[in-house]
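Here the structure is a predicted model, which means the values were calculated and not measured. Residues take their numbers from the sequence shown, with the count starting at 1.
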Amino acid sequence: MDVTLILKIAGIGTLVSVIHQILSRYGREEQATLTAVSGVILVLFLLVDEMSELFNTVRDLFGI
């Protein structure tokens, strides 16, 4: 795993957290929830490639 991936995930989490808090304070709960869900989906898209690489490595290791 690369350190840049961890930093990207941390940056996205920080940004989403700040936006969520700002929207919650102004009474925009629906938009705050949508922002949080969008952040989770974005991180999952980043992790899909890494998980695919992991499965390919395991598959090659065991000769499946």
Next item on the list: Check for a donor-acceptor pair, side chain of Thr57 on one end and backbone N or O of Glu53 on the other, with a separation under 3.5 Å.
Entry: yes
Margin query: In this structure, would Leu23 and Val18 fall into the same cluster of hydrophobic residues linked by side-chain contacts under 4.5 Å?
Written below: no
Check: Distance from Leu46 atom CG to Met51 atom CE, nearest 0.5 Å?
Finding: 11.5 Å
Notebook entry, point to check: Minimum heavy-atom separation for Ala36 to His20, with atom names?
Noted result: CB-CD2, 4.1 Å
Check: Cluster partners of Phe45, using ILVMFWY side-chain heavy atoms under 4.5 angstrom, listed by chain and number?
Finding: Val37, Ile41
Notebook entry, point to check: Do the side chain of Thr33 and the main chain of Glu29 share a donor and acceptor less than 3.5 angstrom apart?
Noted result: yes
Notebook entry, point to check: Rounded to the nearest 0.5 Å, how far does CD1 of Ile9 lie from CG of Leu47?
Noted result: 4.5 Å
Margin query: Applying a strict under-4.5 Å side-chain criterion to I, L, V, M, F, W and Y, I'd like to know whether Leu54 and Phe62 cluster together.
Written below: yes
Check: With a 4.5 Å heavy-atom cut-off, do Val16 and Leu42 have their side chains touching?
Finding: no
Checklist line | Within one Ile-Leu-Val-Met-Phe-Trp-Tyr cluster: Leu34 and Val40, side-chain cutoff 4.5 Å | finding: no
